[in-house]
Visitor: 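This is the structure I want to talk about, given as structure tokens.
Each chain gets a letter, A, B and so on, in the order the sequences are listed, and its residues count up from 1.
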Amino acid sequence: MTAQSLFLAFGAILFCLGVIGAVVRRNMIVVLMSIELMLNGVNVTFVTFSYFLNDLVGQIFTIFVITVAACEAAVGLAFLIALFRLKPTVQVDEINLLRW
Amino acid sequence: MTFLLLLFVFGLGTLSAVLTISRRNPLHCALYLILTLLSVATSFLFLRADFLAMVQVILYAGAIMVLIIFVLLLTASEELKTIPLFHRQTPLALLIGGGLVAEIGYLLLQRSPLPLATPPAHSMEALGKMLFKEYGFPFELASILLLVSLVVTVVIAKKEGSS
């Protein structure tokens, strides 16, 4: 077990836990947090390869991923506030206005 | 010694990630997520990505989590305590998630580790030069993205009818 595979395993574990959380949980805010978890797993993998391949592109990509994550969190939470005003719930199952 | 420290950080991060997706109270989830983000920042430090570690602490554990906790408090309701934590699709979802874990684990175990050529000397200066020279256009696009999401956030979250 090298240090490299430890880092990669950590990133993979974070990503998989994020996937499971996003699919399993009903609370919309927790789903958003699970997406943050997934993005962090990807970031760990990026930076690991950046270190072991001696290439800075991985870190550049991580900066962009963090930017997109910030935008995603802000817009997602704004949607949540707007939805909460319409129907006071944060449960994913309750929000079915557009369901056919 | 470093290896033990690494194991400790990864164990802490994994444990708090598990607690993030399994606690009932969303506020506890958010606090455990902060712990996970800080352990990710520590792993960035191990990989000599100092700038990213700082960005991780300030932007993720600071700004984004404050935003999330703020919205949590704004949308706090009593229904959280009565509804069941998981729904009926949970076994299927866990099956799919477990399949993903198995797949990634298999790929990780199968692949031989990369050879470490030279110990990289990544500095913040090199990162900045690369970001502004070779990745100048994506950088500008990111600024446009931030601007658009700022406007969208204000417009969407604004009360209907108020000017």
Side-chain angles (χ1 to χ4, degrees), chain A residues 2-10 12-21 23-27 29-30 32-34 36-37 40 43-44 47-48 50-54 56-57 59-60 62-64 66-71 73-75 77-82 84-85 88-91 93, chain B residues 3 6 10 13-14 17-18 20-21 26 29-30 33 36-37 40 43-44 47-49 52 55 59-60 63-64 67-68 71-72 74-75 77 79 83 86-87 90 93-94 96-97 100-101 104-105 108 113-114 116-118 120 122 126-127 130-131 135 138 142 145-146 149 152-153 156-157 159:
Chain A
T2 57
Q4 182 191 356
S5 46
L6 259 185
F7 277 104
L8 290 178
F10 183 51
I13 287 170
L14 283 190
F15 185 85
C16 293
L17 285 174
V19 170
I20 293 173
V23 177
V24 165
R25 292 301 297 261
R26 316 173 81 178
N27 191 318
I29 304 176
V30 180
L32 275 175
M33 287 196 266
S34 303
E36 302 293 332
L37 213 56
N40 266 282
N43 282 350
V44 170
V47 178
T48 307
S50 160
Y51 179 81
F52 285 99
L53 294 175
N54 202 359
L56 273 176
V57 178
Q59 294 195 25
I60 303 269
T62 306
I63 291 174
F64 288 128
I66 290 176
T67 313
V68 172
C71 294
V75 174
L77 292 172
F79 270 118
L80 206 139
I81 297 266
F84 191 77
R85 204 171 279 140
T89 180
V90 286
Q91 303 306 310
D93 297 355
Chain B
F3 199 73
L6 209 60
F10 289 167
T14 308
V18 170
T20 301
I21 63 168
C29 296
L33 183 58
T36 312
L37 296 178
V40 169
S43 72
F44 284 172
L47 294 168
R48 294 190 201 164
L52 283 179
V55 166
L59 221 157
Y60 251 122
I64 294 182
L67 195 66
I68 286 181
V71 171
L72 266 179
L74 273 181
T75 58
S77 60
E79 65 173 346
I83 55 139
F86 303 112
H87 46 101
T90 300
L94 281 179
I96 293 170
L100 189 64
V101 171
I104 294 182
L108 272 181
L114 299 166
L116 181 57
T118 49
H122 291 162
L127 187 67
M130 193 162 181
L131 183 60
Y135 292 86
L145 178 69
L146 281 170
S149 72
V152 165
T153 306
I156 290 176
K159 263 206 176 77

Visitor: Considering only heavy atoms, which portion of A:Val47 lies under 4.5 Å from any heavy atom of chain B: side chain, backbone, both, or neither?
Guide: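 Backbone plus side chain of A:Val47, per the 4.5 Å heavy-atom cut-off to chain B.
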
Visitor: Below 4.5 Å, heavy-atom pairs only: which of B:Leu127, B:Thr20, B:Leu131 has the largest tally toward chain A?
Guide: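 Greatest number of close heavy-atom pairs with chain A: B:Leu127.
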
Visitor: A:Ile13 versus chain B, heavy atoms under 4.5 Å apart: side chain, backbone, both or neither?
Guide: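 Contact with chain B is through the side chain of A:Ile13 alone.
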
Visitor: Just do the side chain to side chain contact (heavy atoms under 4.5 Å, CB included) check on B:Thr36 and A:Asn40 with the steps written out, would you?
Guide: CA-CA 9 Å; B:Thr36 312; A:Asn40 266 282; over 6 Å; no

Visitor: So which of B:Leu146, B:Val55, B:Ile96 has the biggest tally of heavy-atom pairs under 4.5 Å with chain A?
Guide: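 Of the options given, most contacts go to B:Leu146.
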
Visitor: For the CD1 atom of B:Ile64 and the CD1 atom of A:Ile66, what is their distance to the nearest 0.5 Å?
Guide: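 Atom-to-atom, B:Ile64:CD1 and A:Ile66:CD1 are 8.0 Å apart.
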
Visitor: Return the CG to SG distance between B:Leu100 and A:Cys16, rounded to the nearest 0.5 Å.
Guide: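 Those atoms lie 4.0 Å apart.
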
Visitor: Can you tell which of A:Gly21, A:Cys71, A:Ala12 has the highest number of heavy-atom pairs within less than 4.5 Å of chain B?
Guide: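 Most heavy-atom pairs within the cutoff with chain B belong to A:Cys71.
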
Visitor: Could you walk me through whether B:Val40 and A:Leu14 pass side chain to side chain contact (heavy atoms under 4.5 Å, CB included), step by step?
Guide: CA-CA 10 Å; B:Val40 169; A:Leu14 283 190; 3.5 Å; yes

Visitor: With sequence neighbours excluded, tell me which residues meet side-chain contact (heavy atoms from CB on, under 4.5 Å) with B:Leu6.
Guide: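 For B:Leu6 the side-chain contact (heavy atoms from CB on, under 4.5 Å) partners, ignoring immediate neighbours, are A:Ala3, A:Leu6, A:Phe7, B:Phe10, B:Phe46.
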
Visitor: How many angstroms lie between OG1 in B:Thr75 and CG in A:Leu80, if you round to the nearest 0.5 Å?
Guide: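 Answer rounded to 0.5 Å: 6.0 Å.
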
Visitor: Mind checking the CG-CG spacing from A:Asn27 to B:Leu72? Nearest 0.5 Å is all I need.
Guide: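 Reported value, rounded in 0.5 Å steps: 7.0 Å.
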
Visitor: If you look at every heavy atom in B:Ala30 and A:Met33, which pair is closest and at what distance?
Guide: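 For B:Ala30 and A:Met33, the tightest heavy-atom pair comes out as CA-SD, 3.5 Å.
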
Visitor: Starting at CG of A:Leu37, measure out to CD1 of B:Ile21 and round the result to the nearest 0.5 Å.
Guide: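 Separation between the atoms: 7.5 Å.
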
Visitor: Using heavy-atom distances under 4.5 Å, tell me whether A:Leu8 contacts chain B through its side chain, its backbone, both, or neither.
Guide: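 Interface part for A:Leu8: both.
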
Visitor: Can you see which heavy atom on B:Arg48 is nearest to which on A:Gln59, and at what distance?
Guide: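 Nearest heavy atoms, B:Arg48 then A:Gln59: O-NE2, 4.3 Å.
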
Visitor: Who passes side-chain contact (heavy atoms from CB on, under 4.5 Å) against A:Val75, sequence neighbours left out?
Guide: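 Residues passing side-chain contact (heavy atoms from CB on, under 4.5 Å) with A:Val75: A:Phe79, B:Ser149, B:Val152, B:Thr153.
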
Visitor: Which answer fits B:Leu74, side chain, backbone, both or neither, if we ask what part of it has an atom under 4.5 Å from a heavy atom of chain A?
Guide: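 Both parts, backbone and side chain.
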
Visitor: With chain B as the partner, which of A:Val19, A:Ile60, A:Val30 has the greatest number of non-hydrogen pairs under 4.5 Å?
Guide: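 Among A:Val19, A:Ile60, A:Val30, the one with the most close pairs to chain B is A:Ile60.
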
Visitor: Once rounded to the nearest 0.5 Å, what's the spacing between atom CG of A:Leu77 and atom CD1 of B:Ile156?
Guide: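 Spacing of CG (A:Leu77) from CD1 (B:Ile156) equals 11.0 Å.
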
Visitor: Where is the tightest heavy-atom contact between B:Leu47 and A:Tyr51, given as atom of each residue plus distance?
Guide: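 The answer is O-CD1, 3.2 Å.
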
